[in-house]
Colleague: 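Following this message is one structure expressed as structure tokens.
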Amino acid sequence: HNDFFSVKTRDGDFTPINVHQLVCINKHGVLNEISPIYFSHWEDRFVSGEINEDTTWDTPKLITGNVTIAEGVTLNINSHVFFYQAQSEFKINGVVNLNADAQLDMKYESSIIVDGIGAKLLLDWGSTITGSTSGYYETLAPGEQDRGMWIPGDRIIAKNGGIITTNNTIAFEAHTGYPDDVPKVNITSDYGNIWDGIYITNPDVNEPYWFINCDISGIKELSMTNNDNVNDYGKLNLHSTNFHHAGNITVRDGNKLTYRGTDAENCEFTNNSGSIRSYEALVDLEYVTIQNNDEHGLYLYEASEEESSVKNCIINSNGASGAVSSSFYYDYFTGNHIEGNDKFGMLCYENTLFGEFNNVQIHNNGFAEYVGDHSSFKMGGFSSNIFISDDDYGAGPDQYLLMNSNWDGINPVDIRGTNIHSIAHLYPADSDAWTFSGEVPESQEMLMAAALDFANHNYESARETLQLLLSEYLYSKDAI
């Protein structure tokens, strides 16, 4: 019970404290929070130490020190769990079920560690995880070195085969509320503060890591890195999940990111400070809107396996280039719309290669629409349906539609699958550097536009274009 009526911190203000409220003051003397105590029995509210038998929490709990869930033990959480001890570690060697309507509320540089094969943090739909503390460098006294030790923020680490996951796609589609009324898993920020995020390292290659029907915001990173298995890869799977007002999704070291929406509704990677990034890893993106992010939309570096694809995605209005790749092989790059990015639409460094490149629109980006190494151009197929345009040319690289960064002076680039039929706004501006299809008939442009609208789910626009095409060109000489 409270034996005082207010608390004064270094900010100089007195703050009233009511009965049955808990005061949290950080090490800098700043009042972090005044929270009500929801417990009827004081002895039940505080948790620390090892849990070595199956347990269910039906009432809220306060984590007041390090907690370990022993191997082989299951903890079911049906309530609200608060982290109140600074730098507490919640270590899972067994299984923790965060059930519907339950919440893990991380604070004060706390961590959840899911460690080892068989260790699992299972997220039921309708559950919530929050964090509030970002990592920082310790402040040192004047005259000492520039910065002190790195202090990690709130974070979840699944390592050495430990798993954090929702249920799988089969369970999602079998849910009584599917598709629109399944409660989301919310992974978000408390007080609007960005926290460190979720780090999966050395994953179990035999178990997919699912994030299905999630709303993820307020974290610096969702990543999968390291892989000790040379014969297989870790599988980070995001389905019907939005990632926004956060940082990066990153996959490295031979693992694979699969990020998919549906033909009825795209997933959204929007308003983030970072990008979708892969380094020596694989990606499979389909029906994802990548928009209004501060950096590149996509940054893909070094993957030669024939398992990466980007299909039916919208990559618009990002703060750098739309899609950047280097030494990367796309098995498929199809049905994508890239527009309004601050720099290049697509920037393809050396050894970027494509298996299929078709039904692509690239428009009105800040620099050239597409710039690439000579070998990266895959635009020669007559039925490729590649539309490239700019409504407002500028200076420098913005004066170009296409840029071949290293033409050999001998072999032309075949762009007969595009709507481009002259060297205007091409680099180099040499007719020997390009192979054109000639003037594109208006009827073909309309058909290509309808195909692209259909690929991007603009069905009404596609229908109107096809109806106009049929009415005006059905009995034309070209049609006959």
Side-chain angles (χ1 to χ4, degrees), residues 47-57 61 63-79 81-83 85 87-100 102-106 109-125 127-131 152-168 171 185 187 195-212 214 216 219 221-229 231-238 250-257:
V47 179
S48 63
E50 184 176 64
I51 297 176
N52 52 25
E53 61 182 7
D54 291 352
T55 302
T56 297
W57 289 347
K61 303 295 180 184
I63 302 301
T64 57
N66 294 338
V67 174
T68 299
I69 312 302
E71 185 176 354
V73 170
T74 297
L75 170 64
N76 290 297
I77 301 176
N78 300 319
S79 59
V81 177
F82 303 84
F83 284 69
Q85 174 66 44
Q87 300 181 355
S88 294
E89 180 181 274
F90 190 89
K91 188 171 185 180
I92 302 172
N93 295 327
V95 175
V96 172
N97 294 308
L98 188 64
N99 294 320
Q103 181 166 330
L104 283 173
D105 190 5
M106 303 173 66
E109 302 140 22
S110 296
S111 60
I112 298 173
I113 309 296
V114 191
D115 190 4
I117 298 293
K120 296 182 179 181
L121 173 56
L122 304 177
L123 310 178
D124 195 5
W125 289 300
S127 63
T128 299
I129 296 177
T130 70
D154 299 328
R155 61 210 179 277
I156 299 174
I157 300 173
K159 63 181 183 178
N160 303 322
I163 290 175
I164 175 172
T165 187
T166 65
N167 216 324
N168 59 28
V185 174
I187 300 172
W195 54 287
D196 285 3
I198 301 172
Y199 302 88
I200 302 165
T201 179
N202 195 21
D204 183 350
V205 299
N206 298 310
E207 293 282 348
Y209 293 67
W210 295 102
F211 290 84
I212 298 178
C214 298
I216 303 175
I219 66 174
E221 192 91 19
L222 170 60
S223 68
M224 178 176 281
T225 62
N226 299 325
N227 183 1
D228 291 343
N229 190 315
N231 298 315
D232 204 349
Y233 46 75
K235 303 163 187 69
L236 177 59
N237 297 331
L238 282 70
T250 302
V251 60
R252 297 176 180 265
D253 307 322
N255 296 304
K256 184 174 182 179
L257 167 67

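Residue numbers count from 1 along this sequence.
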Colleague: Hey, could you give me the OG1/CD distance between T74 and E53, rounded to the nearest 0.5 Å?
Modeller: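 Separation between the atoms: 12.0 Å.
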Colleague: Looking at OG of S110 and CZ of F82, how far apart are the two atoms once the value is rounded to the nearest 0.5 Å?
Modeller: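 The CZ atom of F82 is 13.5 Å from OG of S110, to the nearest 0.5 Å.
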Colleague: Considering residues at least two apart in sequence or located in another chain, which fulfil the side chain to side chain contact (heavy atoms under 4.5 Å, CB included) criterion with E221?
Modeller: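 Result, side chain to side chain contact (heavy atoms under 4.5 Å, CB included) vs E221: Y199, S223, N248, T250, R277.
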Colleague: Closest heavy-atom contact between M106 and F83?
Modeller: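 Of all heavy-atom pairs spanning M106 and F83, the closest is CA-CD1, 3.9 Å.
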Colleague: Sequence neighbours excluded, which residues qualify as side chain to side chain contact (heavy atoms under 4.5 Å, CB included) partners of A119?
Modeller: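 Expected list: V114.
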Colleague: N66: which residues meet the side-chain hydrogen bond (donor to acceptor under 3.5 Å, both in side chains) condition with it, sequence neighbours left out?
Modeller: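 With sequence neighbours excluded, N66 shows a side-chain hydrogen bond (donor to acceptor under 3.5 Å, both in side chains) to no residue whatsoever.
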Colleague: Under the side chain to side chain contact (heavy atoms under 4.5 Å, CB included) rule, collect the residues that match up with E71, sequence neighbours excluded.
Modeller: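 Result, side chain to side chain contact (heavy atoms under 4.5 Å, CB included) vs E71: N93.
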Colleague: Apply ring pair (Phe, Tyr, Trp, His ring centres under 6.0 Å) to W125 and list each qualifying residue two or more places apart in sequence or on a separate chain.
Modeller: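 So W125 forms a ring pair (Phe, Tyr, Trp, His ring centres under 6.0 Å) with F172.
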Colleague: Mind checking the CD1-CG spacing from I77 to L104? Nearest 0.5 Å is all I need.
Modeller: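 I77 CD1 to L104 CG: 4.5 Å, rounded to 0.5 Å.
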Colleague: Got a sec, which residues hit side chain to side chain contact (heavy atoms under 4.5 Å, CB included) with T130, two or more places apart in sequence or on another chain?
Modeller: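 T130 satisfies side chain to side chain contact (heavy atoms under 4.5 Å, CB included) with Q103, D105, T128, T188, D190 once adjacent residues are dropped.
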Colleague: Got a sec, which residues hit side-chain hydrogen bond (donor to acceptor under 3.5 Å, both in side chains) with T165, two or more places apart in sequence or on another chain?
Modeller: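 Testing T165 for side-chain hydrogen bond (donor to acceptor under 3.5 Å, both in side chains), a comparison that skips the adjacent residues, returns none.
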Colleague: Taking all non-hydrogen atoms of both residues, which atom of I219 and which atom of G197 are closest, and how far apart?
Modeller: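 Heavy-atom minimum between the residues: CB-CA, 3.8 Å.
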Colleague: As a test of understanding, state which of V81, I92, I51, I112 forms a side-chain contact (heavy atoms from CB on, under 4.5 Å) with V67.
Modeller: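 So, applying the side-chain contact (heavy atoms from CB on, under 4.5 Å) to V67 and each of V81, I92, I51, I112, only I51 qualifies.
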Colleague: With sequence neighbours left out, write down each residue that passes side-chain hydrogen bond (donor to acceptor under 3.5 Å, both in side chains) with N202, or none if nothing qualifies.
Modeller: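 Here the qualifying residues are D228.
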Colleague: Once rounded to the nearest 0.5 Å, what's the spacing between atom CG of D196 and atom CD1 of I198?
Modeller: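 Reported to 0.5 Å precision, the distance equals 11.5 Å.
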Colleague: Testing the 3.5 Å rule here: is there a donor-acceptor pair between the side chains of D253 and T225?
Modeller: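 No, T225 and D253 have no side-chain donor paired with an acceptor closer than 3.5 Å.
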Colleague: Could you state the interatomic distance from CG (L122) to CG (N167), rounded to the nearest 0.5 Å?
Modeller: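 Here the rounded value is 8.5 Å.
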Colleague: Kindly compute the distance separating OG1 (T201) from NZ (K159), expressed to the nearest 0.5 Å.
Modeller: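 Interatomic distance, T201 OG1 to K159 NZ, rounded to 0.5 Å: 8.5 Å.
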Colleague: Kindly write out the residues that satisfy side-chain hydrogen bond (donor to acceptor under 3.5 Å, both in side chains) with N160, not counting sequence neighbours, or none if the list is empty.
Modeller: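 Counting only residues at least two positions away or on another chain, N160 forms a side-chain hydrogen bond (donor to acceptor under 3.5 Å, both in side chains) with D115.
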Colleague: Looking at every non-hydrogen atom in both residues, tell me the closest pair between E109 and Q87 and how far apart they are.
Modeller: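 In this case the closest contact between E109 and Q87 is OE1-NE2, 2.9 Å.
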Colleague: Please tabulate, for side-chain N and O atoms in residues 203-212, each donor-acceptor pair with protein atoms closer than 3.5 Å (sequence neighbours left out).
Modeller:
residue: D204; atom: OD1; partner: N206; partner atom: N; Å: 2.9
residue: Y209; atom: OH; partner: G162; partner atom: O; Å: 3.0
residue: Y209; atom: OH; partner: D204; partner atom: N; Å: 2.9

Colleague: Exactly one of I69, I113, L121 should register a side-chain contact (heavy atoms from CB on, under 4.5 Å) with F90. Which one does?
Modeller: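 Testing F90 for a side-chain contact (heavy atoms from CB on, under 4.5 Å) against I69, I113, L121 leaves exactly one candidate, I69.
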Colleague: Scan N78, I129, D124, L75 and name whichever one has a side-chain contact (heavy atoms from CB on, under 4.5 Å) with L98.
Modeller: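 By the side-chain contact (heavy atoms from CB on, under 4.5 Å) criterion, L98 pairs with just one of N78, I129, D124, L75: I129.
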Colleague: Any side-chain to backbone donor/acceptor pair from N76 onto N97? Under 3.5 Å, distance only.
Modeller: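 No.
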Colleague: Might you work through the side-chain contact (heavy atoms from CB on, under 4.5 Å) test for L222 and L238, ending with a clear yes or no?
Modeller: CA-CA 11 Å; L222 170 60; L238 282 70; 4.1 Å; yes
Colleague: Output all residues satisfying salt bridge (Lys or Arg N to Asp or Glu O under 4.0 Å) with K235, sequence neighbours left out; order by chain, then residue number.
Modeller: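 Per chain and number, K235 pairs via salt bridge (Lys or Arg N to Asp or Glu O under 4.0 Å) with D232.
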